[in-house]
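For reference, the structure discussed in these notes is given below.
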Amino acid sequence: IDDLAEVDYSLNSLPAVFRQFIDLDLKGIVYPAGNYTGSPYVAAPFTIPDQSDSMLYLAFSEYFFQTSSFAYYTAGAFNITIAEETCSYFNISTEIFGSIIPEVAKYSVTPYPVMLKLMATEIPIISLEQDSFTVEIQGSMEVFAVLPDSTTQSLFTMNIAANTSLALNIFDQKLVGSLCLNRLQFSLAHSNVGYFEISLLENILSYILQTEVIPSANGK
């Protein structure tokens, strides 16, 4: 597929040949590149609806997407560093954080650019629905101040839990996807600037993610 993942699409069985169609049962297992370890998931059988008004039908099982998630998670594809240049472009700095969180303002009197490190802490869970599929993501985001000598100082780390839905439709002979963030929850995992209410970060996260962040009843 790419430098991170490979797919085994060999046949599970001999092709079934009928008068009007040929049925091919392919494996569809995705592995981390060069690492053909067993998958933690079990493939469930499924059938394609009996239709005959199109020349070709393709069906992808939930197992295919689950092994894809496992492969890319194992390869570290969900670990992302947002460099200070990108943060500076969006005007995100310790000054912005300090305007919302007094503890950051006290800790970093001089404004510094920041760097963000995001990572998935668990394998993202992909579930197929009737007209879409959902993705459950457990991760963390660590915020660093970039000092004048190019070294970094960790400010705080947050745990993040997100649920998103992706609907696919064919429009004007093109496959079009629409992404919706259903839920976003976060909590303070560690802080080097002292304890603060995590709800103070709502405005910054909304600004970064360009979406609405709704805290849970317990303030996480």
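Along the sequence shown, residues are numbered consecutively beginning with 1.
Following chains of ILVMFWY side-chain contacts shorter than 4.5 Å, one cannot reach V30 starting from V42, and the two form parts of different hydrophobic clusters. Hydrophobic clustering of Ile, Leu, Val, Met, Phe, Trp and Tyr side chains at less than 4.5 Å, counting indirect connections, unites L181 with I160. By the rule that hydrophobic residues join a cluster once side-chain heavy atoms approach within less than 4.5 Å of another member, I92 and F186 end up as members of one cluster. Using a 4.5 Å cut-off between side-chain heavy atoms of Ile, Leu, Val, Met, Phe, Trp and Tyr, with links allowed through other members, L118 and V146 fall into different hydrophobic clusters. Cluster annotation: I123 is connected to F78 through the hydrophobic network of ILVMFWY side chains, with a link wherever side-chain heavy atoms come within less than 4.5 Å.
D2 is listed as a side-chain neighbour of Y72, based on a closest heavy-atom distance under 4.5 Å. Side-chain contact between M141 and V143 is present, with heavy atoms from C-beta onward closer than 4.5 Å. Considering only heavy atoms from C-beta on, V135 stays 4.5 Å or farther from L166 through its side chain. Taking the side chain as every heavy atom from C-beta outward, S93 and P113 never approach each other to under 4.5 Å. At least one side-chain heavy atom of F196 sits less than 4.5 Å from a side-chain heavy atom of E103. The shortest side-chain heavy-atom distance between L26 and F64 does not fall under the 4.5 Å cut-off.
Nearest heavy atoms, P15 versus L24: CB-CD2, 3.5 Å. The two atoms that bring P32 and A71 nearest to each other are N-CB, 3.6 Å, heavy atoms only. Shortest non-hydrogen contact noted between P124 and S69 is O-OG, 2.7 Å. Contact detail for S140 and T157: the closest heavy-atom pair is CB-CG2, 4.3 Å.
The CE atom of M158 sits 14.0 Å away from atom NE2 of H190, with the distance rounded to the nearest 0.5 Å. If you take OG on S191 and OH on Y107, they are separated by 9.0 Å, rounding to the nearest 0.5 Å. Distance check, rounded to the nearest 0.5 Å: CD1 of I126 to CD1 of I137 gives 8.5 Å. Going from atom CD1 of I125 over to atom CD of E136 covers 6.5 Å, rounded to the nearest 0.5 Å. The distance from atom CD1 of I22 to atom CG of L56, rounded to the nearest 0.5 Å, is 11.5 Å. One distance of note links CG of D149 with OG1 of T152; it measures 9.5 Å at 0.5 Å rounding.
Judged by distance alone, with hydrogens and angles left aside, the side-chain atoms of S99 form a donor-acceptor pair with the main-chain N or O of I96 at under 3.5 Å. A donor-acceptor pair under 3.5 Å is formed between the side chain of N192 and the backbone N or O of S154. Counting only distance, with no hydrogens or angles, the side chain of T94 and the backbone of Y112 share a donor-acceptor pair below 3.5 Å. Within the 3.5 Å criterion, the main-chain N or O of Y63 finds a donor-acceptor partner in the side chain of T67. A donor-acceptor contact shorter than 3.5 Å is absent between the side chain of T81 and the backbone of K117. In terms of modelled atom types and a separation under 3.5 Å, the side chain of T121 and the main chain of Q138 share a donor-acceptor contact. In this structure, T86 contributes its side chain and I82 its backbone to no donor-acceptor pair below 3.5 Å.
Aromatic pair F70/Y31: ring centres not closer than 6.0 Å. In this structure, F21 has its ring center closer than 6.0 angstrom to the ring center of F18.
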>> side-chain contact (heavy atoms from CB on, under 4.5 Å), that's the test. Do F60 and L128 meet it? Break it down for me.
In response: CA-CA 10 Å; F60 294 91; L128 296 186; over 6 Å; no
>> Test side-chain contact (heavy atoms from CB on, under 4.5 Å) on L155 and F97; report intermediate values, then the result.
In response: CA-CA 10 Å; L155 299 179; F97 281 101; 5.6 Å; no
>> Evaluate L11 against D25 for side-chain contact (heavy atoms from CB on, under 4.5 Å), listing each step before the verdict.
In response: CA-CA 6 Å; L11 285 167; D25 182 15; 5.7 Å; no
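The environment of CG in L14 is sparse: at most 12 heavy-atom neighbours from other residues, nucleotides or ligands sit within 6.0 Å. Counted within 6.0 Å of CD on E95, heavy atoms from surrounding residues, nucleotides or ligands total 12 or fewer; the atom is thus considered open.
D23 and Y57 share no donor-acceptor pair across their side chains, judged by distance under 3.5 Å alone. With 3.5 Å as the limit, one finds a donor-acceptor pair spanning the side chains of N182 and S165.
For F65, the ring-ring contact (aromatic ring centres under 6.0 Å, His included) partners at least two apart in sequence or on another chain are F133.
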